[in-house]
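Inspection log for the structure reproduced underneath, given as C-alpha cells.
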Protein chains: 2
Amino acid sequence: MNSIKKQDTADKIMMAAIDLMADRGYNGVTTEEIATKAGFSEKTLFRHFKSKQNLLESAFHRYHYAEEMKDLFDKEITWDLHTDLMMISRNYHRIMHQNRKLIQISGRERENLPGFQESTHKHPQQLKEFLTEYFEEMYNKGEIIQTDPKRQAVVFLYMHYGAAMGRINNDPILEAFSIESFIEESISIFTRALTP
Amino acid sequence: MNSIKKQDTADKIMMAAIDLMADRGYNGVTTEEIATKAGFSEKTLFRHFKSKQNLLESAFHRYHYAEEMKDLFDKEITWDLHTDLMMISRNYHRIMHQNRKLIQISGRERENLPGFQESTHKHPQQLKEFLTEYFEEMYNKGEIIQTDPKRQAVVFLYMHYGAAMGRINNDPILEAFSIESFIEESISIFTRALTP
DNA sequence: AATTAATGTCAGTCATCAGTGACTGTCACA
DNA sequence: TGTGACAGTCACTGATGACTGACATTAATT
C-alpha cells in the first residue's frame with residue numbers, strides 16, 4: 001500500500017491546492033485550508049511537500065497541460081479549410097477548458113511560479129507556428145487567398161484565446177452562447193474571409 | 001491648500017497601490033510598501049483610507065474606466081465597414097491599454113473586490129450590444145451579408161479581447177507584432193468575410 | 001505479536017502584517 | 001502668535017500563517 005496510497009494523498013492535496021488557488025490565489029489560501037479540503041491534517045501536507053511553494057510547483061508540474069497541446073497537430077488534417085479549423089478549434093477549447101484552473105493560477109501567479117510563464121507561452125507559440133505552416137501550405141494548394149499567414153495565425157489564435165478566457169472567467173457574454181456556437185461562427189467568418 | 005494637497009496624497013497612494021497590486025496582487029503587497037512607494041509613511045496611508053481593502057476599493061473607483069468605453073460609440077460612424085471597425089478597434093485597444101493595470105487587478109482579485117467583476121463585464125456587454133446593432137444596420141443597408149449579428153459581435157469582441165489580454169500579459173507572440181498590425185489583419189479578415 | 005508506513009494531535013516557534021495611539025514637526029494663514 | 005491641517009516617528013497589539021517536534025493512533029504486513 002505504500003507508494004500507491006502515498007501518491008493518492010499527495011494527489012488529493014495537490015488537487016485541493018489547485019482548486020483553492022484558482023479561486024483565491026496563492027497568497028489567498030492557507031496551507032491549513034488546503035489540507036482540510038483534501039481531507040488531511042496540515043502536518044500531512046508538510047510531510048508530503050517541503051513547503052507551500054513546493055506544493056504549488058509540484059501541482060503544476062504534475063498537471064501540466066504541456067503534452068496535450070502538441071497532439072492537437074498530429075490529428076487528421078483533411079486539407080479542407082472549414083473541417084480543419086473546426087477540428088483545431090474544438091481541440092483547443094477542450095484543452096483550455098480542461099486546464100482552466102491551471103490557466104487561472106498561471107495568469108495570477110507570475111511572481112510565485114518561477115519560469116512558469118514561459119511554459120505557458122510555449123504551447124500557443126507552437127500552435128502559432130503550426131497554423132502558420134498550415135496556412136502557407138493551403139495557399140500553395142490554392143485553397144486560400146494570399147495574405148500574411150503569420151498574421152492570420154495570430155488573429156485566429158487570439159480569437160479563440162479570448163473566447164477561452166471569457167469562458168474561464170464566466171463572462172456573461174457567453175451565457176446566451178454555447179462555446180460550440182462561438183466556434184462555428186468564428187470559423188465561418190474565417191473560412192469565408194480566406195476562401196478565394 | 002487643504003483639499004488639494006489631501007487629494008494629491010491620496011492619489012499618490014492609490015497610484016502606488018495600483019502599480020504594486022497589478023504586479024503582485026492584493027495579498028502580495030504590504031501597506032508599508034505602498035506607502036513607501038508613494039513617498040509617505042504607513043500611518044498616512046491609514047489616515048487617508050480606513051483599511052487596505054478600502055484603499056483598493058477607492059483606487060478602483062477613482063480610476064475606473066467605465067466612462068471611456070461609452071464614448072467609443074459616440075464617435076463618428078461613417079457606415080463604411082472597414083473604416084468603422086478600424087476606429088472601434090483602435091479605441092478599444094487604446095482604452096484597454098491605458099487601463100491595463102486595473103484590468104490585471106480585476107482579473108486577479110475577484111474575491112477582494114465585491115461587486116467589481118460585474119462592472120468590468122458591463123462595458124464589453126454594452127460594446128457587444130452596440131456592435132450588434134451596427135451589424136444589423138449594416139445588413140439593412142445592404143453593406144454586409146446576412147448572418148447572425150450577435151454572434152458576429154461576440155467573435156469580433158473576443159478577437160480583440162484576446163489580443164488585448166495578450167498585450168497586457170506580454171505574450172511573446174505579440175513581440176514580433178505591433179498591435180496596429182494585429183488590428184489591420186483582423187479587420188481585413190472581418191471585412192472580407194462580411195462584405196457581400 | 002511485532003514491525004512499519006501513513007496519518008493525526010497538540011503545543012509551540014517565528015515572522016509578518018494590518019492597524020492603533022501618543023506624541024512631534026511644519027507650514028500656512030488669520 | 002496661535003490654531004488647524006497634514007505628515008512623521010516610534011512603539012505597540014493582535015492576529016494569522018508557515019512550518020516543526022514529540023508523541024499517539026491506526027491498519028496493513030510479515
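Computed over heavy atoms, backbone and side chain alike; hydrogens, waters and symmetry mates excluded. Chain A is the first sequence line, chain B the second, and so forth, proteins listed ahead of strands; every chain is numbered from 1.
- In this structure, the salt bridge (Lys or Arg N to Asp or Glu O under 4.0 Å) partners of B:K12, at least two apart in sequence or on a different chain, are B:D8.
- B:R62 pairs by the salt bridge (Lys or Arg N to Asp or Glu O under 4.0 Å) definition with B:D11, not counting sequence neighbours.
- Close to D:dA7, at under 4.0 Å from its OP1 or OP2, lies a side-chain N or O of B:H48.
- At the heavy-atom level, A:G28 lies nowhere under 4.0 Å from the strands shown.
- Evaluation of the side-chain hydrogen bond (donor to acceptor under 3.5 Å, both in side chains) test over residues 154-168 of chain A, restricted to residues two or more places apart or in two chains, returns A:S89-A:H160, A:H93-A:H160, A:Y158-B:D171.
- Going from atom CG of B:L55 over to atom P of C:dA18 covers 11 Å, rounded to whole Å.
- With sequence neighbours excluded, the residues forming a salt bridge (Lys or Arg N to Asp or Glu O under 4.0 Å) with B:K101 are B:D19, listed by chain and number.
- Note on B:T30: only backbone sugar-phosphate atoms sit closer than 4.0 angstrom, heavy atoms only; bases stay farther off.
- Residues in residues 173-183 of chain A take part in these side-chain hydrogen bond (donor to acceptor under 3.5 Å, both in side chains) pairs, two or more places apart or across chains: A:R90-A:E180, A:S181-B:R151.
- Taking atom CD of residue B:E32 and atom P of nucleotide D:dT9, one finds them 11 Å apart after rounding to whole Å.
- Between B:F40 and A:N27, it is B:F40 whose nearest contact on DNA chain D lies nearer the 5' terminus.
- Using five terminal pairs a side, the axes of the helix from C:dA1-D:dT30 to C:dA30-D:dT1 at its two ends make an angle of 0°, given in steps of 10 degrees.
- The distance between atom CD1 of B:I34 and atom P of C:dC17, rounded to the nearest whole Å, is 11 Å.
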Please list, pair by pair, any protein nitrogen or oxygen found under 3.5 Å from a nitrogen or oxygen in nucleotides 19-24 of chain C.
unit_1 : atom_1 : unit_2 : atom_2 : d
C:dG19 : OP2    : B:K52  : N      : 2.7
C:dG21 : N7     : B:K43  : NZ     : 2.6
C:dG21 : O6     : B:K43  : NZ     : 3.4

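- Checking the phosphate oxygens (OP1, OP2) of C:dG8, a side-chain nitrogen or oxygen of A:T44 falls inside 4.0 Å.
- When rounded to the nearest whole Å, the span between CZ of A:F49 and P of C:dT7 equals 11 Å.
- In this structure B:Y26 satisfies the ring pair (Phe, Tyr, Trp, His ring centres under 6.0 Å) test with no other residue, sequence neighbours excluded.
- The CG atom of B:L85 sits 5.5 Å away from the OG1 atom of B:T191 when rounded to the nearest 0.5 Å.
- Residues passing the ring pair (Phe, Tyr, Trp, His ring centres under 6.0 Å) test with A:F49, sequence neighbours excluded: none.
- Distance CD/A:Q53 to CD/A:E109: 9.5 Å, rounded to 0.5 Å.
- Put simply, CG on B:L20 is 13 Å from P on C:dC17, counting in whole angstrom units.
- At the phosphate of D:dA7, OP1 or OP2 sits under 4.0 Å from a side-chain N or O atom of B:T9.
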